[in-house]
Undergrad: 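This is the structure I have questions about; it appears just below.
Here is the naming used below: chain letters follow the sequence lines, and residue numbers restart at 1 for every chain.
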There are 2 protein chains.
Amino acid sequence: MPEASSPTRKRIVDAATKLFYAEGIGRVSVDAIAEKAGLTKRTLYYHFKSKDDLIAAYLDARDQPNLKQMAGWFDAAEGGADRKVEAIFTNLARVARHPKWKGCGFLRTAAELASMPGHPAVKAGSRHKTNFEKWLAAELSARGVTAPHMLAREIVLLMDGAFSSMLIHHNPDYIGAAGHAAATLVRARSQNKD
Amino acid sequence: MPEASSPTRKRIVDAATKLFYAEGIGRVSVDAIAEKAGLTKRTLYYHFKSKDDLIAAYLDARDQPNLKQMAGWFDAAEGGADRKVEAIFTNLARVARHPKWKGCGFLRTAAELASMPGHPAVKAGSRHKTNFEKWLAAELSARGVTAPHMLAREIVLLMDGAFSSMLIHHNPDYIGAAGHAAATLVRARSQNKD
DNA sequence: TTGAGTATACCGACTAGTGAATATACAAGC
DNA sequence: GCTTGTATATTCACTAGTCGGTATACTCAA
């Protein structure tokens, strides 16, 4: 029984992360991941019982770093909640311009595994999106916005729409429009609008 | 050189449509499509020069039927533009409850082909989404809504977000929330709000 | 007789996953 | 201080099957 904190396991997940995000789940072979991690496929299968397990581990490992990234952008922005929310989209549009950007790994994996709704990786993606929505609702609530949960959900919808539109059009304007709409929604529910 | 209007070609595209939508691009083999269409792989390759070409043909064939579906829901709904827009989401939430529903084929294909940005199928998806946005802007404009193009884009973002959220959470509430937000945005830009 | 359309049979490359052997480390018995 | 036992961790070689795509030959209608 391999250890969950094994450094070898981490090396495998790191290699899988790079390849899965860059190429997509279905286009990456277990052999390619093993080679990238600098070990044999048999060792990989010692640490993970299947490719599906490894896909789920890849997304689980992305949950906290991704949330921290969003929270960092939110915290660093000056101004009210509207400006802080819009800052997330502005930063998103910036990184989405990089040629290595390939959309949201959680959404892309869910799209690729649409025919397997109970797949552990889809569940990991659902957990992550829920974590983000809850974090955002708490931040909005702390700033006295009315109906913070409904607002957080609307912002999440705009953000996932922005991810999708950017992926299909390759045009960051869609992310900008989503950020603008999100900021407007926040302002409509804020006090002290002087 | 095969005919573009060949009934054999149509049979192939129909078979590909069912399989690609149900299983995803990468999980469907050319052999499986040929078998479903009731002919051999060699015949398929007589009509399409590659699998990539067939993927693009699949999405191109979905453009008009999809637009007609949306327009049908919009036209059939009673009330103002806000109610008509919300009706699209309500109908979407209804069909999304069906176990055969597997998200938006255009978005799922773009997600699966994220590592090939210039792929003809991604371009076909981009064209379709643009067609929908333009149609919606025209309908909104005809009803005297202010800033119809910006509004149409925001509604498109909410809709693509709804597709994505439904795919990852399997919870139609997200589509309902998107429809509610879209209707609110329309009302905020409508005259005669009595 | 020509050529569009279809069928059989095949190619080399790649796929996820496994069997059997082995290297390494550390503990217990003497 | 040795030796043996055991669990963890790793490798090589392999299976059985699938992949997209093609070479060749056939049918049938104009």
Undergrad: Take nucleotides 11-30 of chain D nucleotide by nucleotide from the 5' end and write B, S or -, depending on whether a protein heavy atom sits under 4.0 Å from the base, only from the sugar-phosphate, or from neither.
TA: BB------SBBBBB------
Undergrad: Tell me, please, which residues at least two apart from A/Tyr21 pass side-chain contact (heavy atoms from CB on, under 4.5 Å).
TA: A/Tyr58, A/Trp101, A/Lys102, A/Arg108
Undergrad: Distance check needed: C/dT6 P versus B/Phe48 CZ, whole Å only.
TA: 12 Å
Undergrad: Kindly write out the residues that satisfy side-chain contact (heavy atoms from CB on, under 4.5 Å) with A/Pro120, not counting sequence neighbours, or none if the list is empty.
TA: A/Ala56
Undergrad: Would you indicate, yes or no, if C/dT6 has its OP1 or OP2 atom less than 4.0 angstrom from a side-chain nitrogen or oxygen of B/His47?
TA: yes
Undergrad: With sequence neighbours left out, what residues match A/Phe132 under ring-ring contact (aromatic ring centres under 6.0 Å, His included)?
TA: A/Trp135
Undergrad: Quick one: list whatever passes side-chain contact (heavy atoms from CB on, under 4.5 Å) with A/Glu23, sequence neighbours left out.
TA: A/Arg27, A/Val28, B/Ser115
Undergrad: Looking at every non-hydrogen atom in both residues, tell me the closest pair between B/Ser190 and B/Val145 and how far apart they are.
TA: OG-CG2, 4.0 Å
Undergrad: Tell me, please, which residues at least two apart from A/His128 pass ring-ring contact (aromatic ring centres under 6.0 Å, His included).
TA: A/Phe106
Undergrad: With sequence neighbours excluded, give me every salt bridge (Lys or Arg N to Asp or Glu O under 4.0 Å) pair touching residues 67-93 of chain A.
TA: A/Asp82-A/Arg187
Undergrad: For D/dT10, does either OP1 or OP2 sit under 4.0 Å from a side-chain N or O belonging to A/Thr8?
TA: yes
Undergrad: Whole angstrom is fine here: how far is it from CD1 in A/Ile12 over to P in D/dA9?
TA: 11 Å
Undergrad: Just list the side-chain donor-acceptor pairs under 3.5 Å for residues 172-183 of chain B, sequence neighbours left out, or say none.
TA:
unit_1	atom_1	unit_2	atom_2	d
B/Tyr174	OH	A/Glu133	OE1	2.7
B/Tyr174	OH	A/Arg153	NH2	3.3

Undergrad: Paired stems touching DNA chain D, three or more consecutive Watson-Crick or G-U pairs with both distances under 3.5 Å?
TA: C:1-30 with D:1-30
